[in-house]
Number of protein chains: 4
Amino acid sequence: MVEGPPLRADAQRNRARILDAAEAVFAEFGPRASTEEVARRAGVAIGTVFRHFPTKDDLLAAIMKRLLTQLVEEAGQRDLFAFFTLMVAQAAAKKTVADLLAGSGMNIRLPDAVGHLEEAVGRLLEQARAAGVVAAPVRLAEVMALLASVCQGALHGGWDEQLQARTLAVIFAGLKRY
Amino acid sequence: MVEGPPLRADAQRNRARILDAAEAVFAEFGPRASTEEVARRAGVAIGTVFRHFPTKDDLLAAIMKRLLTQLVEEAGQRDLFAFFTLMVAQAAAKKTVADLLAGSGMNIRLPDAVGHLEEAVGRLLEQARAAGVVAAPVRLAEVMALLASVCQGALHGGWDEQLQARTLAVIFAGLKRY
Amino acid sequence: MVEGPPLRADAQRNRARILDAAEAVFAEFGPRASTEEVARRAGVAIGTVFRHFPTKDDLLAAIMKRLLTQLVEEAGQRDLFAFFTLMVAQAAAKKTVADLLAGSGMNIRLPDAVGHLEEAVGRLLEQARAAGVVAAPVRLAEVMALLASVCQGALHGGWDEQLQARTLAVIFAGLKRY
Amino acid sequence: MVEGPPLRADAQRNRARILDAAEAVFAEFGPRASTEEVARRAGVAIGTVFRHFPTKDDLLAAIMKRLLTQLVEEAGQRDLFAFFTLMVAQAAAKKTVADLLAGSGMNIRLPDAVGHLEEAVGRLLEQARAAGVVAAPVRLAEVMALLASVCQGALHGGWDEQLQARTLAVIFAGLKRY
DNA sequence: GATGAATGAGCATTCATTCAT
DNA sequence: AATGAATGAATGCTCATTCAT
């Protein structure tokens, strides 16, 4: 990985503001929101956004990476079911992750960040299996698939807490007694 | 529902061709595909598309309605698990349904069509419960939620047949032993 | 060559106005002039320009083709020296031809149009040789090279009539007594 | 000419590096190359470029001046025909001179430097006339015009050595037997 | 003096929608 | 009813230039 020189303090501040703004804007309007809107909300000129992220896809990828990293950290502090529940609860707030993990037309590759999340979930899965709360034949692939699916569903379906709980209950039951 | 005068024969033919073209185009490129491309594939002029569907959203809604109607018919001929499996398998082919059920930025309301689908699935659920293959406390709401979620997941995740089968297996197990 | 259906009358009128405007604008400001300026001068909206010429390069190529075609016609009615003189005299007015023949960074290929011009000059050269006013060993390649060079020179140098005449006199003398 | 205080040693070094970089960059990409690219290749920050040359045109003018000065020196060591040949051969390498002598959209005035070149060529012309290899009535103006033209032609036309030789042969013959 | 981040006007291009033919 | 040309707001991106560090 090529690292440039450390950013100047003001540049670092702007980079963070842009990422925050982008996360909010894309969460609200989806990845089709305009880069201008991101700049406006970050309080910088459009050129500044493009200096930090040469293309819109770079910006989206950066948000994704940050969100996924947060998720990996959160995974370290929970069991599989709790993590599942957390992700679903946050899905709406993290519209961007859900949408972009899904790949809505953007050219974004995040093998590393996604890989780390998969590893983290893998660890949770092993613990769950060891604790006897997930059946032996359940593999990581379908757990990831279910996770992604339910996040999408929650995100777009606008589930209330009840519905979310009942839907997850079905999945958790299935994982336990596969 | 307000019905205008019956369409002229050629107008009716054009309407159908536009819907077919739109289904194909949006399935291939997603809802961001241009209306011009739809017109081109339908072999009509762009103005004709807009005469039949005053906005792009109207066109998308019309496709959705048609697809949902087909789904309702297919639901009548299957049991719950088979219908689930069919929908997931078709998710990629019907990118539009999945995306738009999800509401990717478009302003589309289809209460009727979605309602009919929900009723159809409700009937399958009752049959499944009666047959003892779905646990009593499982409600329609979470079944619909799971259905929508897994379609989204399959669509965007590019699942192979194996993964699809294993993922559905978890859900079916959960429905049975909730 | 693929020919679409014949253009509607209004479209044909606009196409011509755009070409005229483009010729004038690019003659005045060079190929870097904005497409908006062309639209403005043509009295059409920017979208109309892009409907007729999907990229800026297409527009530039179209101008070039038209100008080169005119030149070929003019070549048919003159002898070699007169044609040389005419082209130089028009160089400034046809800045675009000169600049783009030179290839100022644009991605334009006009093999046909340029080829036709070369053929026309070739015919003039043969006549001149037959008339004994051009030495036998002079080839078409260097005549074209001189033609292009002197056009560029006249264009950018802002020659007055005297200078133009004296410069061409040197070249004509060289062609005669090579 | 107004001279400021003498430059600090590092400033002088930077000025030279910027000019070298600019010459290379503009030779490679033409005058449309970005000033950032020049800074990058010079190994300085963009601000430094603009401190030394307040506008891009100033930078281009400075390169021109340096190149023209070199040409004047080279003129002193050659006869007219050799100088002509040298310039044409170098035209591609010195894209910038050719382009900017031509004035491709930039606002650049270099009366002094161009004047010196003209004087140098004037001396070559007198020597050639005295040696009887250029006809008496040939004036400096058309010699300069031919020089500029052929440089432009060679530059943009991508002539090979043969074509270059044959084209110059016509001009030299014309100069001799005007 | 040097640095390099920020600015913002400007550009090519797209596309839903309108309307004259 | 169909056609397809015209519209023009919007978007991603560039780059000369300024100015805080």
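Order of the sequence lines fixes the chain letters, A, B, ..., with proteins taken first and strands second; residue numbering starts at 1 for each chain.
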Sorted by position of nearest nucleotide on DNA chain F, 5' first, the leading residue of D10(A) and P54(D) is P54(D)
Atom CZ of R17(A) and atom C1' of dA5(E) are separated, to the nearest Å, by 14 Å
Indicate whether OP1 or OP2 belonging to dA2(F) is found under 4.0 Å from a side-chain N or O atom of H52(B).
yes
Practice task
Respond yes when some side-chain nitrogen or oxygen of R51(D) is under 4.0 Å from OP1 or OP2 of dG1(E), and no when none is.
Solution key: yes
query = Between dA5(F) and T48(C), is there an OP1 or OP2 to side-chain N/O distance shorter than 4.0 Å?
reply = no
Rounded to whole Å, CZ of F50(B) lies from C1' of dC19(E) at a distance of 13 Å
| Phosphate oxygens OP1/OP2 of dG1(E): is one of them under 4.0 Å from a side-chain N or O of N14(D)? | no
Residue set satisfying salt bridge (charged side-chain N to carboxylate O under 4.0 Å, His left out) with R13(B), at least two apart, ordered chain then number -> none
Atom CG of L60(A) and atom C1' of dT11(F) are separated, to the nearest Å, by 14 Å
Atom CZ of F29(A) and atom C1' of dA10(F) are separated, to the nearest Å, by 15 Å
Taken to the nearest whole Å, CZ/R32(A) to C1'/dG12(F) is 14 Å
Taking a pair to mean Watson-Crick or G-U wobble geometry with both distances below 3.5 Å, dA20(F) pairs with dT3(E)
Atom CG of L59(C) and atom P of dT13(E) are separated, to the nearest Å, by 10 Å
The correct set of residues in residues 34-47 of chain A placing a heavy atom under 4.0 Å from DNA chain E is V44(A), A45(A), I46(A), G47(A)
Rounded to whole Å, CD of Q12(C) lies from P of dT21(E) at a distance of 15 Å
